[in-house]
Amino acid sequence: MNIKKICCIGAGYVGGPTMAVIAQKSPDIKVTVVDLNEKRIAAWNDENVENIPIYEPGLSDIVASCRGRNLFFSTEVDKAIDEADMIFISVNTPTKTYGVGKGMAADLKYIELCARQIARVAKNDKIVVEKSTLPVRTASAIKDILDNTGNGVQFQILSNPEFLAEGTAVADLLMPDRVLIGGDTTEEGQNAIQKLVDIYANWVPKERILTTNVWSSELSKLTANAFLAQRVSSINALSELCEKTGADVNEVAKAIGMDSRIGSKFLKSSVGFGGSCFQKDILNLVYIAKSYGLNEVADYWEQVIIMNDHQKRRFGKNIIQTLYNTVSGKKIAFMGWAFKKDTNDTRESAAIYVADDLLSERAEIAVYDPKVQEDQIFYDLDYLESRSADENRRGLTVTNDPYAAADKAHAIAILTEWDEFKTYDWKRIYDNMLKPAFIFDGRNLLDKEALQKIGFVYQGIGS
Ligand code: NAD
Ligand code: UDX
């Protein structure tokens, strides 16, 4: 029997876009995305489709094309589980903030809650798909819970990690490099795999749909993120050496990237990688390696994080040093708060940590980001608990006008590579700043020579 009804638990950055694309490409399947967060579901259902809670280029059009037809957003989790033939678990799996594995292991409490809820509600056989990124061997824990607390129905567990990147989620989903599906090697397992393959085959070429055993699939996701983050930390490590030696990291990246064995992607030096995945997944990988006693393996991967922390810190330190060793009372304009362009997501954004360091030095920060809201920015800062909420609000202001952010500033720091920054009237910005007017370009985004010609003191990363 083909899959007729899908439920996805978790209407976040993965669940929302992924299910929207599945629904659009599979008009015969009813897709219901559920979440405990009522505000988030209300936003997904907002009459004005531009108000959906996640900003991704092209996403609102896809949602508009199938919402109310075969795509539904709801808080009725039990009902959606009960109806579904296939249930995707797409809830968050953050780093643990307490107990054993604190600061490293993935917190699987939301996953376990989902498993227990599915077990309690399910009255017929279901295929349960791990869409969240999970430690290798989590499927056996889910299976254990389902089999031991369920109503005697059969469950098949598949691993189907998501490789989309934020800001390009729609394109990544429509044209994935590959779709990975891991399942049991038994006949039932293979049947379940085939049902999920059939769904993706509605739009993904068959040769791009890769099937493996469950453990390879789970581990491949952590490995992919570790390799990607490692490339960023590698080029960032070299950026510091470039600054000391007169080499230019952009030139070095181009030179090595033209070697087809290395490849040109993910070699952009920056203020440090952010996002909800890289750090969390590498810490998780490190924790797993340690738990098997593989200390050298753990140390190897941990260095990727250590390097990234260093890169974020040294960006702030350089601002302080360059501004004559004090930023106290000086206005610094932050262009960008999101962890990368084309998203409103700020999780682990380098901007948060740079702002935190500069606020500790009593700088006055004015932030402009085209998609991030003020309450999110203060939430991010308050979460660090470095100072009181009042102090954060005294030290940092948020504006929706980039020119106002830069007005009478001593320096501008580019934290996100938003395209619009390139098109600003930089002469006008320069004229309204205090002199010397500094730009610290944490993304190597702007035209260095043009800015220097205007009069700016420009510093990029790695040159
Ligand atoms: P998210 O925080 O945006 O969304 C998760 C949602 O799950 C939240 O809205 C939360 O309210 C909901 N939720 C949690 N427990 C629930 C429960 N018991 N019942 C119903 N809803 C519940 O997270 P995300 O960014 O979508 O990430 C989800 C998973 O996908 C994570 O494991 C992440 O590592 C992985 N992933 C994320 C990305 C990305 O770019 N964000 C990419 C690939 C994989
Ligand atoms: C990442 C993975 O790319 C994706 O496959 C996975 O599913 C989720 O995690 P995401 O975090 O959304 O995606 O964005 P990504 O494009 O990977 O960027 C992560 C961070 O690295 C950003 O802060 C980005 O600015 C930074 N980065 C990326 C660089 O600094 N330089 C680069 O060359 C590439």
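We count ligands from 1, going down the list as the structure has it; atoms in each ligand are counted the same way.
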Decide if atom CG of Asn148 counts as having more than 12 heavy atoms of other residues, nucleotides or ligands within a radius under 6.0 Å.
-> yes
What residues sit with at least one heavy atom under 4.0 Å from ligand 2?
-> Glu162, Phe163, Leu164, Ala165, Glu166, Lys221, Asn225, Leu228, Val232, Phe266, Leu267, Lys268, Ser270, Phe273, Gly274, Cys277, Phe278, Phe339, Lys340, Arg443
Please determine, by modelled atom types, if Glu162 and Ser90 share a side-chain donor-acceptor pair under 3.5 angstrom.
-> no
Classify the side-chain pair Ser65/Gln24 by whether it contains a donor and acceptor separated by less than 3.5 Å.
-> yes
Can Glu417 and Lys268 be counted as an ion pair, charged N to O under 4.0 angstrom?
-> no
Can any side-chain N or O of Arg67 pair as donor or acceptor with the backbone N or O of Phe72 at less than 3.5 Å?
-> no
Among Asp419, Thr416, Thr168, which residue meets the side chain to side chain donor-acceptor pair (under 3.5 Å) test with Lys341?
-> Asp419
Would you check if the distance from the ring center of Trp426 to the ring center of Phe421 is below 6.0 Å?
-> no
Run through ligand 1 for me and note each protein residue having a heavy atom under 4.0 Å from it, chain first, then residue number.
-> Ile9, Gly10, Gly12, Tyr13, Val14, Asp35, Leu36, Asn37, Arg40, Ser90, Val91, Asn92, Thr93, Tyr110, Cys114, Ser132, Thr133, Glu162, Leu164, Glu166, Lys221, Ser276, Cys277, Lys280, Arg347
Step through the shown structure and confirm whether more than 12 heavy atoms of other residues, nucleotides or ligands are within 6.0 Å of CD on Gln373.
-> no
Just by distance, with hydrogens left out, do Gln303 and Asp299 show a side-chain donor and acceptor under 3.5 Å apart?
-> no
